[in-house]
Amino acid sequence: MSDASQGLRLYNTLTRTKEDFVPIDPRNVRMYVCGPTVYDFAHIGNARPVIVFDVLFRLLRHLHGETHVTYVRNITDVDDKINARALRDFGGEIASGALSLNEAIRRVTEKTADQFHRDVATLGCLEPTVEPRATEFVEPRADGKADMITLIQSLIGRGHAYVAAGEVLFDTASMPDYGQLSKRNLDEQQAGARIAVDAHKKNPGDFVLWKLSSPEEPGWQSPWGRGRPGWHIECSAMSAAYLGEVFDIHGGGLDLIFPHHENEIAQSRCAHGTSVMANVWMHNGFLQVEGQKMSKSLGNFYSIHELLETDIFGGRKWPGDVLRLAMLMTHYREPIDFSVRKLEEAENTLRKWKRAADLAPAAGSQLPVEVVEALSDDLATYAAFQQLTQLAGEATDFDGSGDNAAAVALKTALTFLGFDIGATKVDETVVAKAIGERLMLIAAKNWTEADRIRDELLAQGVQLKDGKDPVTGERVTTWEIKR
Ligand code: AMP
Ligand code: ZN
């Protein structure tokens with residue numbers, strides 16, 4: 001094991017083996033995970049990659065230092081499904097001219113993205129370091145960060161893309177090792193393709209980088225006319241923008257291996273002339289519900305929001321930490337059967353852990369080494385949980401002499417794993433009173449005391465934000481829990 005790997009081993013879809021994880025730059029470990037397409041509530045299957053890669057993010061921060069990990073998870077806010085939803089929900093307003101299609105689209109995407117953020121926060125997930133939105137990376141940017149139009153131009157310039165029938169297409173035949181991730185080769189794809197459907201393509205596997213928009217459709221000006229990007233190019237642009245041409249880890253669900261990730265690799269490698277896009281490719285297994293594939297037609301399709309807030313599943317609401325634990329009881333690469341029984345099991349386990357952890361006054365700074373070791377073995381969460389159950393047993397059997405070290409270790413591990421045991425508990429009236437006092441101190445120009453109050457609150461996990469009331473111009477202070 002090399003020092004740089006810190007003992008972490010990860011299964012790499014690219015090589016189909018578990019490997020030592022050696023970051024390119026241990027002072028900036030870089031991970032990209034494909035995020036949601038924001039047109040509807042995220043379903044419980046969508047929660048799986050968010051939770052799994054949240055655990056990896058936490059582990060990487062532990063191993064390499066909190067400020068030495070950059071985690072990018074995008075928001076896909078350009079997609080034909082979003083346009084259809086905007087027309088469905090705001091058709092009347094659009095027809096009457098009260099709203100433009102673009103405004104309607106923005107309403108759909110902002111509302112959905114806000115809901116997604118609330119949902120995954122309730123599931124105990126940290127915010128990623130950066131969360132770029134695809135629409136902000138279509139055209140060349142003032143800050144010079146990578147963008148989709150420039151990437152497509154490079155691909156055309158390097159002979160990897162061509163224009164046909166109003167589309168820009170990636171030329172798969174121009175990349176001799178296309179298909180490495182999914183282990184599909186071009187011959188197989190050609191044999192299975194229906195040639196007549198895509199007569200303008202040189203090869204059936206060629207995929208869209210840019211397509212023209214009709215005047216009613218959203219679009220951006222480009223060298224190829226007013227249009228919009230294909231799906232895959234956005235992740236090539238946003239990962240390059242924040243993580244560079246080659247980075248450490250790229251993740252998502254199993255269904256993204258082909259075509260999405262295969263095509264991201266093709267675009268990024270061919271545009272930049274690199275031999276890899278990311279060194280490690282990780283994919284979570286699929287979630288099914290009560291033994292069946294989740295689908296709207298089977299009536300077993302559940303949004304995260306419904307599980308948290310309604311009694312649609314098992315006749316009751318489920319807390320976020322129970323959903324989180326149920327998700328992590330199965331190894332991330334295995335399929336999960338999500339069931340009421342599994343949620344009940346998770347709830348019982350969590351109750352036992354919390355009871356034991358409550359025997360400690362506070363979490364400590366030392367994460368149990370066995371927990372780190374289990375997670376470092378390709379995120380063996382189940383093995384880590386066995387350690388927690390053992391600690392819970394030791395904590396409750398404690399004979400009262402000295403510190404209850406097992407309870408402290410358990411509390412520390414639970415907090416680290418994102419279970420809300422160690423979460424900041426805030427008395428809102430106390431915070432409001434402190435903010436009021438601070439505002440009076442600021443008015444009296446007593447900056448030292450004002451800062452002391454701010455820092456004290458921060459130490460308790462409450463972050464203040466100063467701003468101005470847009471109407472009265474008065475100073476106002478809001479607060480949030482620092483995660
Ligand atoms: P989508 O919005 O469909 O692109 O999906 C967002 C993320 O959720 C992707 O990483 C998908 O692979 C993942 N995903 C979608 N459905 C499931 C499922 N049933 N189980 C696990 N992951 C899923
Ligand atoms: Zn992607």
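Just so you know, ligand 1 is whichever comes first in the structure, and atom 1 is the first atom listed for that ligand. When a residue number appears, it is its place in the shown sequence, counting from 1.
Distances under 2.8 Å from the Zn ion (ligand 2) pick out the protein N/O/S atoms Cys34 SG, Cys235 SG, His260 NE2, Glu264 OE2.
Minimum interatomic distance between Leu410 and Trp353 (heavy atoms only, all atoms of both residues): CD2-O, 3.4 Å. The two residues Ile149 and Pro223 come nearest to each other via the heavy atoms CG2-CD, 3.9 Å.
Scanning the protein heavy atoms around atom 4 (O) of ligand 1, the nearest turns out to be Thr37 OG1, 4.3 Å. In terms of protein heavy atoms, atom 20 (N) of ligand 1 is closest to Leu287 N, 2.8 Å. At the shortest separation from atom 17 (C) of ligand 1 among protein heavy atoms lies Phe286 CZ, 3.4 Å. Looking at atom 13 (C) of ligand 1, its nearest protein heavy atom turns out to be Pro49 CG, 3.7 Å. The nearest protein atom to atom 10 (O) of ligand 1, hydrogens excluded, is given as Gly253 N, 3.0 Å; this is a heavy-atom distance. Residue, atom and distance of the protein heavy atom nearest to atom 22 (N) of ligand 1 are Gly45 O, 3.1 Å. Of all protein heavy atoms, the one lying nearest to atom 1 (P) of ligand 1 is Asn46 ND2, 4.1 Å. At the shortest separation from atom 11 (C) of ligand 1 among protein heavy atoms lies Asp255 OD1, 3.4 Å.
Taken from CG in Leu209 to CH2 in Trp231, the straight-line distance is 14.5 Å, to the nearest 0.5 Å.
Summarising the contacts of atom 9 (C) of ligand 1 with Val50, Leu256, Asn284, the nearest heavy atom is found in Leu256.
Looking at ligand 1, you won't find any N or O of Met294 less than 3.5 Å from one of its N or O atoms.
Taking the ring centre of Phe137 as origin, the terminal cationic atom of Lys145 falls outside the region bounded by 6.0 Å and 45° from the ring axis.
Ligand 1 lies less than 4.0 angstrom from a heavy atom belonging to His43.
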